[in-house]
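All remarks here apply to the structure that follows.
When reading the values below, keep in mind they use all heavy atoms of this one structure, side chains included, and skip hydrogens, waters and symmetry mates.
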Amino acid sequence: MAPSPVVENEIQNQQANAGDDVIEVGLEQVFSAPSGTPLTYSASSSDEGVASVAVNSATLTVTPLEGGEAEIMVTASNERGEATDAFEVQVFASPPDRP
C-alpha cells in the first residue's frame, strides 16, 4: 500500500501589508506523495476578512485584505490519505494617509 502524502517543507509564517501584492506558495515544494500519485490541494483561512486564500493547480495564493492575523490551513490529499500544513499570516493595516 502506497503511503499517504507528507509535508516536506513547512510553509513559514508570512507578513504582508493590506492591499499589497498577493503571497504565492508553490505547493509542490511543500508536499510530496511518495507513491507518486497526483495530489489535490485545498486551503482555508481562519479569517477571510484578513486574508483570503485560493488554490489554482499547485499554487496557493493568499490575498492580504485588512489588518489582523489569520491562520491558513493547506491540505494535500490523494486516495491514500492527506497531509495538512498550517501557517500564520500577519497583515498590517494600510496607513490612512497612504497615497
Side-chain angles (χ1 to χ4, degrees):
M1 182 154 151
S4 58
V6 294
V7 176
E8 289 283 342
N9 299 293
E10 291 187 359
I11 302 170
Q12 299 301 307
N13 290 344
Q14 304 286 321
Q15 293 183 334
N17 291 313
D20 270 13
D21 291 343
V22 299
I23 299 164
E24 288 192 341
V25 178
L27 297 178
E28 288 164 331
Q29 309 302 314
V30 177
F31 299 99
S32 69
S35 59
T37 55
L39 294 174
T40 55
Y41 303 99
S42 60
S44 63
S45 171
S46 65
D47 191 337
E48 289 276 343
V50 171
S52 66
V53 294
V55 177
N56 185 351
S57 181
T59 301
L60 168 70
T61 304
V62 181
T63 305
L65 299 172
E66 65 179 38
E69 287 187 22
E71 183 181 50
I72 310 299
M73 299 278 292
V74 187
T75 302
S77 56
N78 62 16
E79 69 270 13
R80 298 292 181 196
E82 62 183 39
T84 301
D85 187 27
F87 64 98
E88 296 282 331
V89 175
Q90 185 175 13
V91 180
F92 300 103
S94 302
D97 57 354
R98 202 165 149 180

If you round to the nearest 0.5 Å, how far is [atom2] of [Y] from [atom1] of [X]?
X     : Y     : atom1 : atom2 : result
Phe92 : Gln15 : CZ    : CD    : 4.0 Å
Phe31 : Asp85 : CZ    : CG    : 5.5 Å
Asn17 : Gln90 : CG    : CD    : 10.0 Å
Leu27 : Leu39 : CG    : CG    : 9.5 Å

Point to revise | Partners passing side-chain contact (heavy atoms from CB on, under 4.5 Å) against Gln12 (at least two apart in sequence or in another chain) | key: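 In terms of side-chain contact (heavy atoms from CB on, under 4.5 Å), with neighbours along the sequence ignored, Gln12 is linked to Gln14.
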Practice item. For the pair Ser45 (side chain) and Val53 (backbone), establish whether a donor and an acceptor sit closer than 3.5 Å, ignoring hydrogens and angles. Key: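 Side chain of Ser45 to backbone of Val53, a donor-acceptor pair under 3.5 Å: no, none is there.
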May I have the list of side-chain donor-acceptor pairs in residues 70-78 shorter than 3.5 Å, sequence neighbours left out?
unit_1, atom_1, unit_2, atom_2, d
Thr75, OG1, Thr84, OG1, 3.2
Ser77, OG, Thr40, OG1, 3.2
Asn78, OD1, Arg80, N, 2.9
Asn78, OD1, Gly81, N, 3.3
Asn78, ND2, Thr37, OG1, 2.6

Got a sec, which residues hit side chain to side chain donor-acceptor pair (under 3.5 Å) with [X], two or more places apart in sequence or on another chain?
X     : answer
Gln29 : none
Ser32 : Glu8
Glu88 : none

Check your understanding: Is Phe87 close to Leu60 at the side-chain level, that is, under 4.5 Å between some pair of heavy atoms?
Key ->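 They are in side-chain contact.
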Tell me the closest heavy-atom pair linking [X] and [Y], and the distance in Å.
X     : Y     : answer
Gly67 : Ala18 : N-CB, 4.3 Å
Ser4  : Pro34 : O-CD, 3.6 Å
Glu66 : Gly49 : CG-O, 3.0 Å

Exercise for review: Determine whether Val89 and Leu65 fall in the same hydrophobic cluster, where Ile, Leu, Val, Met, Phe, Trp and Tyr are linked whenever their side-chain heavy atoms lie under 4.5 Å apart.
Suggested key: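 Different clusters: Val89 never reaches Leu65 through Ile, Leu, Val, Met, Phe, Trp or Tyr contacts under 4.5 Å.
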Point to revise | Inter- and intrachain pairs under side-chain hydrogen bond (donor to acceptor under 3.5 Å, both in side chains), touching residues 47-63, at least two apart | key: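 Not a single pair qualifies under side-chain hydrogen bond (donor to acceptor under 3.5 Å, both in side chains).
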